Amino acid sequence: MKITSYGATRAVTGSKHVLEVNGKKILLDCGMFQGHRVEAAARNRDFGFDPTEIDAAILSHAHIDHSGLFPMLVKHGYSGPIYCTPATRDLCSVMLLDSAHIQQRDAAWLSKKNMTFVPPLYDPDDVQEAMRKMVSIPYEMRMPVIPGVYFTFHDAGHVLGSAMVELEIEQDGHWRTLLFSGDIGRKQMPILKDPWEPKPADIVLMEGTYGDRDHHPIQEVEKRLARVIQEAHERGGKIIIPSFALERAQEVIYVLKRLELNNAIPDIPVFVDSPLTCNVTHIFRLHTESFDQNFSKLMQEAGDPFQLRRIRYIRSLEESMELNTMKGPAIIIAAAGMCEHGRVVHHIKNHCSDPKNTILIVGFQAKNTLGRRIVERRRVIRVLGVERELNARVEIMNEFSAHAGQKELIRFAMHFKDCAEKILLVHGEEEALLTLRNELHSRGLTQVEVQDFRVPVEL
Ligand SMILES: [Zn+2]
């Protein structure tokens, strides 16, 4: 048996791992590389393996850096099932379609730049084909995937529908367990249940996005958000919140709802300016089985947790553009989370130079993204081809992170100290993974290694 990673090695995007066992190949995730547009486009065009040779695929969750290349995999000949949870399947139906539109726009941009036709990675028809192959399997249901291999999804507590994948593998009458962590969530996050407590495993493929740091405790999130809103309100400014359409936006809206119910923030309009976020929020309402007790209780007592007194969900471009000339304080939540595309880029361009305004960063910002340059508080940022002074206040609230912080990752890994032959670290920038590896080595987990790009590991 061997495993080879074709992405998310010493980096956070492009999650793809091929497990070869019993003469068959199982693909774990088929995520898109993101970041620098030209480089990412080139990497996304080369899987590094033949899609027609894959026998079955398992998807951990709907984030595009895990799911985004499934339509292309199918377009290039993959004909097997794609197993995922019911919520992941629902989310993929809107997120992959949105991604297809982005691919089409990017291809048009590249074609113009290179003065030669560049086809999109995939289009909406390819998404439909991929959706037809998605088989939804609930948490805790043990399913055969190929002869001699079973898998079970466990709640990862990371985003709606997210799963850790436990594979039970029989080779020559000998059983071993491989756990693919997917992205590991955090305890006590708004909305979702806590992550599953892992059982012993022989091999672990685990993420380490925040292997080198911890987050502010989530308990402080309401107080901090209330302060940011209060201050912006006093200055008469707007708050621009670049937000991932999945999970982060719903968490922010839910926390705003709680603040509103407690009269802890001024009466200020909230605009959710992203058709994708509108669609994803609707899918949340369909999956009440995923909610934790607090969220369910609020739902029972106060009705729809995503409906505020003065919230407007905006789909049309006209309504979005009206926000440009709107006066007075307001909160604008818009995608995409790393500010690389989507309506948020326009809002940043229009609002970043006015010191009255605030850009509130609530998510991870990868290298080479506009979001990262804002986090670094560069004096001048390039937005949509023009240079703008960054005078707006930049507030960073990493307590919303959907990823386990260093302490939680260490706690997760310690479950495997005495049982795992190998723990392979993926999905983290190099510094984070090396720091995490060293921390784990110092605690006696000498079986921890950082996974390399396209280097098969014999298991
Ligand atoms: Zn994720």
Side-chain angles (χ1 to χ4, degrees), residues 190 221-245 247-282 302 304-339 341-363 370-371 374-375 381 383-384 388-397 400:
V221 77
E222 288 185 20
K223 219 163 60 189
R224 290 197 70 205
L225 186 58
R227 176 187 62 77
V228 170
I229 295 171
Q230 191 65 47
E231 287 175 3
H233 186 254
E234 282 162 16
R235 291 195 305 274
K238 294 195 174 52
I239 303 170
I240 311 297
I241 310 182
S243 172
F244 300 106
E247 201 68 38
R248 195 59 37 83
Q250 291 75 30
E251 286 176 353
V252 171
I253 296 165
Y254 169 54
V255 173
L256 289 173
K257 173 89 178 181
R258 290 172 63 94
L259 291 171
E260 183 179 284
L261 288 171
N262 295 329
N263 294 317
I265 47 171
D267 194 21
I268 180 170
V270 178
F271 299 94
V272 180
D273 184 19
S274 153
L276 180 61
T277 306
C278 296
N279 291 335
V280 168
T281 306
H282 177 64
D304 186 347
F306 303 121
Q307 199 56 50
L308 312 182
R309 266 199 303 272
R310 295 181 67 189
I311 196 165
R312 225 166 86 200
Y313 286 90
I314 295 179
R315 289 174 186 272
S316 80
L317 206 54
E318 293 73 37
E319 275 186 279
S320 172
M321 284 163 74
E322 280 169 20
L323 298 181
N324 294 341
T325 50
M326 186 188 54
K327 299 271 179 278
I331 298 171
I332 301 174
I333 302 169
M338 296 194 199
C339 315
H341 53 80
R343 294 180 183 175
V344 77
V345 189
H346 294 272
H347 294 306
I348 288 172
K349 186 177 161 216
N350 289 332
H351 294 97
C352 69
S353 300
D354 185 342
K356 284 206 301 290
N357 297 329
T358 303
I359 301 175
L360 173 57
I361 299 288
V362 291
L370 174 60
I374 292 171
V375 165
I381 48 175
V383 195
L384 294 170
R388 286 274 196 261
E389 280 189 26
L390 178 58
N391 299 328
R393 200 177 274 213
V394 176
E395 296 272 0
I396 298 161
M397 290 183 61
F400 275 111

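Quick caveat, the model's predicted, so the values are computed rather than measured.
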Within a radius of less than 6.0 Å around CE of M326, do more than 12 heavy atoms belonging to other residues, nucleotides or ligands occur?
yes
With a 4.5 Å cut-off on side-chain heavy atoms, are L256 and I311 touching?
no
Considering all heavy atoms of both residues, which atom of P190 and which atom of E247 are nearest to each other, and what is their separation?
O-OE2, 4.4 Å
For the residue pair R393 and E231, establish whether any side-chain heavy-atom pair is separated by less than 4.5 Å.
yes
Just how far is it from atom CG of L323 to atom CD1 of I332, taken to the nearest 0.5 Å?
5.0 Å
Spatial distance of atom NE2 (H282) from atom CZ (F306) [nearest 0.5 Å]:
12.0 Å
Stepwise, does the side chain to side chain contact (heavy atoms under 4.5 Å, CB included) test hold for Y313 with Q307?
CA-CA 10 Å; Y313 286 90; Q307 199 56 50; 4.3 Å; yes
Hey, what do you get for CG (L370) to CD1 (I381), rounding to the nearest 0.5 Å?
5.0 Å
Given side chains that start at C-beta, do those of I240 and N350 come closer than 4.5 Å, heavy atoms only?
no
Could you check if a side-chain atom of R343 sits within less than 4.5 angstrom of a side-chain atom of I314, using non-hydrogen atoms only?
yes
Let me confirm one number: the NE2-OG1 distance from H351 to T358, rounded to the nearest 0.5 Å.
11.0 Å
Drop me the distance from K349's NZ to C339's SG, to the nearest 0.5 angstrom.
15.0 Å
State plainly whether the residues E260 and K257 are in salt-bridge range, i.e. N to O under 4.0 Å.
no
Report yes if the side chains of I359 and L390 come closer than 4.5 Å at any heavy-atom pair, otherwise no.
yes
To the nearest 0.5 Å, atom OG1 of T277 lies from atom CD1 of I333 at 8.5 Å
Where the side chain of K238 meets the backbone of H347, is there a donor-acceptor pair that is under 3.5 Å apart?
no
What are the two closest non-hydrogen atoms of G363 and F244, and how far apart are they?
CA-CE1, 3.8 Å
Has R248 got a side-chain atom pairing as donor or acceptor with V362's backbone, closer than 3.5 angstrom?
yes
Heavy-atom check, side chain of V272 versus side chain of I253, under 4.5 Å
yes
Indicate whether the side chain of E389 and that of S353 have a donor and an acceptor atom separated by less than 3.5 Å.
no
E222 to V255 - nearest heavy-atom pair and separation:
CG-CG1, 3.7 Å
How far apart are the closest heavy atoms of H233 and P329, and which atoms are they?
CD2-CG, 3.7 Å
Checking side chain to side chain contact (heavy atoms under 4.5 Å, CB included) against E395, which of I239, I241, L360, L225 comes through?
L360
Quick one, R315 and N279 - any side-chain contact, counting heavy atoms below 4.5 Å?
yes
Check: M338 and P242 side chains under 4.5 Å, non-hydrogen atoms:
no
